[in-house]
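Worksheet for the structure shown next.
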Amino acid sequence: MAHQCNCGNTHNIAELGIQYNLYQKIDVENIECLNEYEEGSGATIFKKWEDRLDRNKYVESDVDNELLFNIPFTGNIKLKGLIIIGGEDDFHPNKVKLYKNRPHMTFDDVATEPEQEFELCVDTNGVHEYSPKVVKFSAVHHLSLHFIGTERTDKIKIYYIGLKGEWSPLHQHGVTICTYELRPQMSDHPRGENEDIDRSIS
């Protein structure tokens with residue numbers, strides 16, 4: 001089934017539903033959302049595709065119109081797509097900045113250059129895709145998203161963040177400890193009975 005969103009493009013909803021499944025690879029317990037009004041609400045918007053239009057779960061900013069997500073993954077991902085459903089009217093974020101592999105970012109860190117940023121359109125149906133540069137977003141084990149509202153907005157809301165891409169497990173490299181014998185030790189080589197007899201006679 002095709003659907004036309006506010007950007008003017010037509011999107012295949014059935015195909016998008018299959019592709020947007022990276023929420024399963026997020027380490028949900030360790031998601032950080034800075035400046036959320038209700039503690040823990042930021043983690044609730046990484047939903048199944050079929051639940052993206054559920055308006056009961058959302059995150060709202062607290063003291064101003066910014067939200068910062070620190071999103072750890074259970075492995076490495078190659079990020080290929082992003083979908084955002086923001087709040088209505090003046091609660092909609094205007095821009096998102098993407099940062100790769102910078103765990104525990106704070107608002108003091110967002111002045112640094114992001115890997116990429118997007119101007120956001122109003123997408124109440126959650127079908128408009130933003131396409132990160134794959135060459136910049138391969139081998140991502142941590143993704144930070146900094147959302148900013150317009151100057152006229154006091155707060156922003158987000159109902160859904162969808163992520164599309166490929167996942168691969170992290171490779172753990174074990175440490176091998178080897179002991180090298182530089183000089184043979186007599187205690188490591190048991191002597192035979194005949195050798196003991198010869199020594200006692202001599």
Supply the atom-to-atom distance [X] [atom1] to [Y] [atom2], rounded to the nearest 0.5 angstrom.
{"X": "His142", "Y": "Asn76", "atom1": "NE2", "atom2": "CG", "result": "13.0 Å"}
{"X": "Leu170", "Y": "His141", "atom1": "CG", "atom2": "NE2", "result": "8.0 Å"}
{"X": "Glu166", "Y": "Ser138", "atom1": "CD", "atom2": "OG", "result": "10.0 Å"}
{"X": "Glu129", "Y": "Ser131", "atom1": "CD", "atom2": "OG", "result": "6.0 Å"}
{"X": "Ile77", "Y": "Lys25", "atom1": "CD1", "atom2": "NZ", "result": "11.5 Å"}

Side-chain heavy atoms under 4.5 angstrom apart, residues restricted to Ile, Leu, Val, Met, Phe, Trp, Tyr: same cluster for [X] and [Y]?
{"X": "Leu53", "Y": "Ile161", "value": "no"}
{"X": "Tyr130", "Y": "Ile156", "value": "yes"}
{"X": "Leu82", "Y": "Leu68", "value": "no"}
{"X": "Tyr20", "Y": "Ile84", "value": "no"}
{"X": "Phe118", "Y": "Leu143", "value": "yes"}

Before giving the answer on side-chain contact (heavy atoms from CB on, under 4.5 Å), spell out for Val110 and Lys97 the whole-Å C-alpha distance, their side-chain angles and the decisive distance to 0.1 Å.
CA-CA 9 Å; Val110 296; Lys97 297 180 179 180; 5.8 Å; no

So do [Y] and [X] actually touch side chain to side chain, heavy atoms under 4.5 Å?
{"X": "Leu120", "Y": "Lys95", "answer": "no"}
{"X": "Glu60", "Y": "Glu38", "answer": "no"}
{"X": "Val134", "Y": "Leu79", "answer": "no"}
{"X": "Phe46", "Y": "Ile71", "answer": "yes"}
{"X": "Leu163", "Y": "Ile26", "answer": "yes"}

Which residues end up grouped with Ile148 if you chain together Ile, Leu, Val, Met, Phe, Trp and Tyr wherever their side-chain heavy atoms are less than 4.5 Å apart?
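Under the 4.5 Å side-chain rule, Ile148 groups with nothing.
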
What class does the angle between the rings of Tyr160 and Trp49 fall in, given that below 30° is parallel, 30 to 60° is tilted and above 60° is perpendicular?
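Aromatic pair Tyr160/Trp49 classed perpendicular.
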
Stacked cation flag Lys155 on Tyr37, 6.0 angstrom / 45 deg
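Yes, Lys155 and Tyr37 form such a contact.
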
Can Arg55 be said to sit on top of Tyr159's aromatic six-ring, NZ or CZ under 6.0 Å from centre and within 45° of the ring axis?
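Yes, a cation-pi geometry.
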
Hydrogens and angles aside, do Ser144 and Asn70 bring a side-chain donor and acceptor to less than 3.5 Å of each other?
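A donor-acceptor contact under 3.5 Å links the two side chains.
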
Quick one about Thr112 and Asp109 (side-chain donor to acceptor, distance below 3.5 Å, no hydrogens or angles considered), yes or no?
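Note: Asp109 and Thr112 side chains miss the donor-acceptor criterion.
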
Trace of the salt bridge (Lys or Arg N to Asp or Glu O under 4.0 Å) decision for Arg102 with Glu115
CA-CA 11 Å; Arg102 307 188 205 183; Glu115 268 67 40; 3.1 Å; yes

For [X] versus [Y], what's the shortest heavy-atom pair and its separation?
{"X": "Lys164", "Y": "Leu22", "value": "C-CD1, 3.5 Å"}
{"X": "Leu98", "Y": "Pro132", "value": "CD2-CG, 4.3 Å"}
{"X": "Cys121", "Y": "His128", "value": "SG-CD2, 3.5 Å"}
{"X": "Arg52", "Y": "Gly126", "value": "NE-O, 3.3 Å"}
{"X": "Pro93", "Y": "Gly86", "value": "CD-CA, 3.9 Å"}
{"X": "Asn125", "Y": "Ile85", "value": "C-CD1, 4.2 Å"}

Candidate list Thr153, Asn94, Thr150, Asn35, test side-chain hydrogen bond (donor to acceptor under 3.5 Å, both in side chains), partner Asn65, passing option:
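The residue from Thr153, Asn94, Thr150, Asn35 that satisfies side-chain hydrogen bond (donor to acceptor under 3.5 Å, both in side chains) with Asn65 turns out to be Thr153.
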
Quick check: are there more than 12 heavy atoms from other residues, nucleotides or ligands sitting under 6.0 Å from [atom1] of [X]?
{"X": "Tyr58", "atom1": "OH", "result": "no"}
{"X": "Glu29", "atom1": "CD", "result": "no"}
{"X": "Glu88", "atom1": "CD", "result": "yes"}
{"X": "Asp154", "atom1": "CG", "result": "no"}
{"X": "Glu39", "atom1": "CD", "result": "no"}

Option among Ile45, Thr44, Leu67 that satisfies the side-chain contact (heavy atoms from CB on, under 4.5 Å) test with Cys33
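So the option named by the test is Leu67.
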
Between Lys80, Gln116, Lys78, which is the residue that forms a side-chain contact (heavy atoms from CB on, under 4.5 Å) with Phe137?
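Answer to the side-chain contact (heavy atoms from CB on, under 4.5 Å) test with Phe137 among Lys80, Gln116, Lys78: Gln116.
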
What residue pairs, at least two apart or across chains, pass ring-ring contact (aromatic ring centres under 6.0 Å, His included) with a residue in residues 73-109?
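Passing the test, one end in residues 73-109: Phe107-His146.
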
Salt bridge between Arg152 and Asp90, side-chain N to carboxylate O under 4.0 Å?
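So Arg152 pairs with Asp90 through a salt bridge.
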
